[in-house]
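What follows is a set of notes on a single structure, which appears directly below.
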Amino acid sequence: MPTDYYGVLGVAPGASDAEIKRAYRRLARDLHPDVNPEPGAKERFQEVTRAYEALTDPEKRRIVDLGGDPMSNGGGPGPAGGAFVGFQDIMDAFFGGATARGPRSRTRAGRDALIPVELEMDETVFGTTKEITVDTAILCTACSGAGTAPGTHPATCATCSGRGEVQSVQRGLLGQVVTSRSCPTCGGTGQVIPDPCPQCGGDGRVRSRRTIPVKIPAGVEDGMRIRLTGHGEVGPGGGPAGDLYVEVHERPHAVFTRDGEDLHCRVTLPMTAAALGTTLTLKTLDGETDLDIRAGTQSGSVITLRAQGAPRLRATGRGNLLVHVEVQTPTRLDPEQEKLLRELASLRGEDQPESHREAQGGLFSRVRDVFNNGR
Ligand SMILES: [Zn+2]
Ligand SMILES: [Zn+2]
């Protein structure tokens, strides 16, 4: 008659993995021979451990639910029936191991993965969804992370007898020195896999290239990282996956540069347009906009277009677009143009050296003083 594994753990047949885990943790704390010397506790503990193993392995649980017994050919109860899991190992498995002694778990958490993504400025400013190709380790579907070939089990490591570490004794001038190190045969896990899963070779995970859509929020900046929880590498032995970080690399834009939420660009104007004023059509990231240049605009002045910058990532609203104006002085004048400019200069009284001095607030005379003192 098959064992009622749900009954042994005191959970309902439809119990979730978390409920099974919780029930087993409670029972293991009460019954483990390391903490409970009462007669019968050890047998009870082995019974609940077998039930836990049967219900946490998806394949075994399926057999249980079909009315079978997946543990019936795995050896009877008692010390000979497979590896005896230490109390500390169970507690470590549930609470995250704090002790360094003894064999460590074959299952370890996966690493985070980092993938750079190149984005145009309109994508970082307005946000987008990018298909990103990720090449990371995923859980092996053939063994569900166990690393064993179907129908086989891990065996106790013969080199370290399951302790996970080996000791060597050296004799020196100071006497006998005993050093212990991680077992080279099993990598410190105390177990070996005699028949590795053919799909993953015993690692419990396989490399897989897949494409996932990543939402890029509006307003991200160069160098920022977007975290996708649980999309990183699956750990050895099918351990929980790390996170995937997508690092934003913003391509330089032909016109705009970015300073956080503000955008900057430069326009060059003929001297005459700066003096007389004009209206330009400026192509922004949003589209075309009119840019009013007031009469008498100076080179180096900045025109601010409010809320035409990048959206604020952690607040509402947008930054500004700052247009830096550069006034161009004509370099080649034909005789006619030169004549006109000289007339203009004369009309404005700008053709005398004294007027230059006044216009510069006395700078020229000060410069001359510096030169004279230097001699
Ligand atoms: Zn596998
Ligand atoms: Zn070993």
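Atom set for the values below is all heavy atoms of this structure, side chains included, hydrogens, waters and symmetry mates excluded. All of these numbers come straight from a predicted model, not from anything done at the bench. Atoms within each ligand, like the ligands themselves, are counted from 1 in listed order.
Seen from the Zn ion (ligand 2), atom SG on Cys160 and atom SG on Cys157 lie at an angle near 110° (rounded to 10 degrees). Rounded to 10°, the angle formed at the Zn ion (ligand 1) by Cys140 SG and Cys197 SG is 110°. Rounded to 10°, the angle formed at the Zn ion (ligand 2) by Cys186 SG and Cys183 SG is 100°. Vertex the Zn ion (ligand 1); arms to Cys143 SG and Cys200 SG; angle rounded to 10 degrees, 100°.
The closest side-chain donor-acceptor pair between Arg61 and Tyr6 falls under 3.5 angstrom. With no hydrogens or angles considered, no side-chain donor-acceptor pair links Glu326 and His324 at under 3.5 Å. Side-chain atoms of Ser180 and Arg163 include no donor-acceptor pair closer than 3.5 Å. With 3.5 Å as the limit, one finds no donor-acceptor pair spanning the side chains of Ser301 and Gln298.
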